[in-house]
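Reading through the structure tokens given below for one structure.
Counting from 1, the numbers follow the sequence of the chain as shown. Since this is a predicted model, take the numbers as computed values, not measurements.
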Amino acid sequence: PVGQDLDLPGLRIFRVPNLFRLKRVPIGLSIQKLILDLFLVVALFRRLRREPYACVHAVEESAFPALVFCRRHGIPLLYDMQSSLPEQLYQHAAFRIPAVRWIVERLERWLLTRVDLVVSSAGLAERVHRIAPDTTVREWRFSGSVATLDPVEAGAIRARLDLEAEQPVVLYSGTFEEYQGLNELLGAIPIVRAEHPRVVFVLVGANSAAELSGNGATARLRDSGSLQVVGRQSRSAVAGYHAVADVLVSPRIYGANLPLKIFNYLAAGRPIVATDLPSHRTVLSDDRAVLVSPTAEAIAQGIIELLDDPERAARLGEAGRRYANEHLNWTQFVRGVSDLYDEVQEHAERA
């Protein structure tokens, strides 16, 4: 009930009630999400009783009730696996209890072995193949968002950040969840500043001013002028921040799914420093990014290397932009979605 409506031909939007007047739903497990999921289950049940649908596209945990209802009505189900649910739930202590872990993993196996097709975040296909070898899986390749800023717009962003015209910027955008490695990134700041005293780190995506406040280093870094924390921005606004960055960073410390920010990082044409995880390597390589160990020291060294060598930084950024233009463009994405639904229908007809 908190999304934005779009007016497109052939599109209808049905929203569940917002009885608690929620304005946002946090990422991950939460009471808000559980409440809305209950309303969503009821809404799905009613929709499938009233009209015949050619397919149901269910995202994350909504696939569980969707599978039950789709089987009853003979409708093919596409499971949109943005992350591994057990992996996400293991962040909570209750789900690390062995018996609970066993149940959660069995539920994921039950779902993956019964859906008609899985489309996952890049990096998760291997997990699907391991759990459900007979299930067809495809990976998302999203189109990146590119911003072309004129000097006036770039100057406006720098003014909002209280930056000088040529002051180097190292930028992170995304959520502030623990697995994103922001503590490691904060630890890298003093190391980088020792070599490049004028560099400023900008973190975009805070839900509130309180985020990161639990880390004692945050206040000291802000007071020293080496850190700026910016709230959540629209996709187009985030692209503008990417355009003024000298280095883009993705310090994630674990997670099998590729961070969506990487598609936009590549499209921005800026050099990237990312932790050397299998998920990052689904689209990044040594010829279009600096891939480092998930430690503060290694992240700092990767950033320093790019700041020390502007020519290499430019080559990596341009290589990333070329890759995005060739493999992550809008036309290919639209064609991929069309092929995806064709494949769901073909699988359902064979079943």
Please list, chain by chain and in numerical order, all residues satisfying ring-ring contact (aromatic ring centres under 6.0 Å, His included) with Phe45, sequence neighbours excluded.
Phe69
For Pro197, give me all partners under side chain to side chain contact (heavy atoms under 4.5 Å, CB included), at least two apart in sequence or on another chain.
none
Check [X] against [Y] and note the closest heavy-atom contact, atom names and distance.
X: Pro76; Y: Gln345; answer: CG-NE2, 3.9 Å
X: Leu48; Y: Cys70; answer: CD1-N, 4.5 Å
X: Leu112; Y: Met81; answer: CD2-SD, 4.1 Å
X: Gln233; Y: Val230; answer: NE2-CG1, 3.4 Å
X: Ile131; Y: Arg109; answer: O-NH1, 3.1 Å
X: Leu44; Y: Ala66; answer: CD2-CA, 3.6 Å

So does [Y] get a backbone contact from the side chain of [X], meaning a donor-acceptor N/O pair under 3.5 Å?
X: Arg270; Y: Ala245; answer: yes
X: Ser279; Y: Leu258; answer: no
X: Tyr172; Y: Val202; answer: no
X: Asp116; Y: Leu77; answer: yes
X: Ser62; Y: Ala58; answer: no
X: Arg96; Y: Tyr90; answer: yes
X: Arg114; Y: Arg71; answer: no
X: Gln332; Y: Ser143; answer: no
X: Gln228; Y: Leu161; answer: yes

Please check if [X] and [Y] belong to a single hydrophobic cluster, counting links between Ile, Leu, Val, Met, Phe, Trp and Tyr side chain heavy atoms closer than 4.5 Å.
X: Ile35; Y: Phe14; result: no
X: Leu221; Y: Val169; result: yes
X: Leu316; Y: Val170; result: yes
X: Tyr53; Y: Leu67; result: yes
X: Leu284; Y: Leu328; result: yes

Within this structure, what is the [atom1]-[atom2] distance for the pair [X] and [Y], rounded to the nearest 0.5 Å?
X: His129; Y: Leu124; atom1: NE2; atom2: CG; value: 11.0 Å
X: Leu260; Y: Tyr265; atom1: CG; atom2: OH; value: 11.5 Å
X: Ile253; Y: Gln180; atom1: CD1; atom2: CD; value: 9.5 Å
X: Asn329; Y: Thr331; atom1: CG; atom2: OG1; value: 5.0 Å

Side chain to side chain contact (heavy atoms under 4.5 Å, CB included) evaluation trace for Asn18 with Val2:
CA-CA 8 Å; Asn18 193 359; Val2 295; 4.1 Å; yes
Evaluate the criterion side chain to side chain contact (heavy atoms under 4.5 Å, CB included) for residue pair Leu186 and Ile189; output intermediate values, then yes/no.
CA-CA 5 Å; Leu186 293 175; Ile189 295 177; 4.0 Å; yes
Salt-bridge test for [X] and [Y]: reply yes if a basic N is under 4.0 Å from a carboxylate O, no otherwise.
X: Arg321; Y: Glu318; value: yes
X: Glu108; Y: Arg127; value: yes
X: Arg281; Y: Asp286; value: yes
X: Arg15; Y: Asp5; value: yes
X: Arg193; Y: Glu195; value: no

Does [X] reach the side chain of [Y], with side-chain heavy atoms less than 4.5 Å apart?
X: Val283; Y: Arg141; answer: yes
X: Ser226; Y: Val199; answer: no
X: Phe176; Y: Leu203; answer: yes
X: Leu36; Y: Pro1; answer: yes
X: Asn207; Y: Arg232; answer: yes
X: Arg252; Y: Asn257; answer: yes
X: Leu340; Y: Trp140; answer: yes
X: Leu248; Y: Val273; answer: no

Audit row: Glu164, Arg198, salt bridge (charged side-chain N to carboxylate O under 4.0 Å, His left out) steps and yes/no
CA-CA 10 Å; Glu164 299 173 10; Arg198 295 183 67 245; 2.9 Å; yes
How about [X]: does its [atom1] atom have over 12 heavy atoms from other parts shown lying under 6.0 Å from it?
X: Arg49; atom1: CZ; value: no
X: Ile31; atom1: CD1; value: no
X: Gln82; atom1: CD; value: yes
X: Arg160; atom1: CZ; value: yes
X: Arg21; atom1: CZ; value: no

Here's a test for you: under side chain to side chain contact (heavy atoms under 4.5 Å, CB included), which of Asp80, Thr135, Thr136 qualifies with Val118?
Thr135
Show every ring pair (Phe, Tyr, Trp, His ring centres under 6.0 Å) that has at least one partner inside residues 278-324, sequence neighbours left out.
Tyr323-His327
With a 3.5 Å cut-off and no angle check, do the side chains of [X] and [Y] form a donor-acceptor pair?
X: Tyr79; Y: His57; answer: no
X: His242; Y: Ser173; answer: yes
X: Glu60; Y: Ser83; answer: yes

Mind checking salt bridge (Lys or Arg N to Asp or Glu O under 4.0 Å) for Glu61 and listing every partner two or more places apart, or none if nothing turns up?
none
Mind checking salt bridge (Lys or Arg N to Asp or Glu O under 4.0 Å) for Arg47 and listing every partner two or more places apart, or none if nothing turns up?
Glu51
Residue pair Arg24, Gln32: steps toward the side chain to side chain contact (heavy atoms under 4.5 Å, CB included) verdict:
CA-CA 9 Å; Arg24 58 175 297 272; Gln32 297 99 310; 6.0 Å; no
Can you give me every donor-acceptor pair (side chain of residues 292-305, partner residue at least two apart or in another chain, under 3.5 Å) with its distance?
{"from": "Thr295", "atom 1": "OG1", "to": "Ala298", "atom 2": "N", "distance (Å)": "3.2"}
{"from": "Glu305", "atom 1": "OE1", "to": "Arg312", "atom 2": "NH1", "distance (Å)": "3.1"}

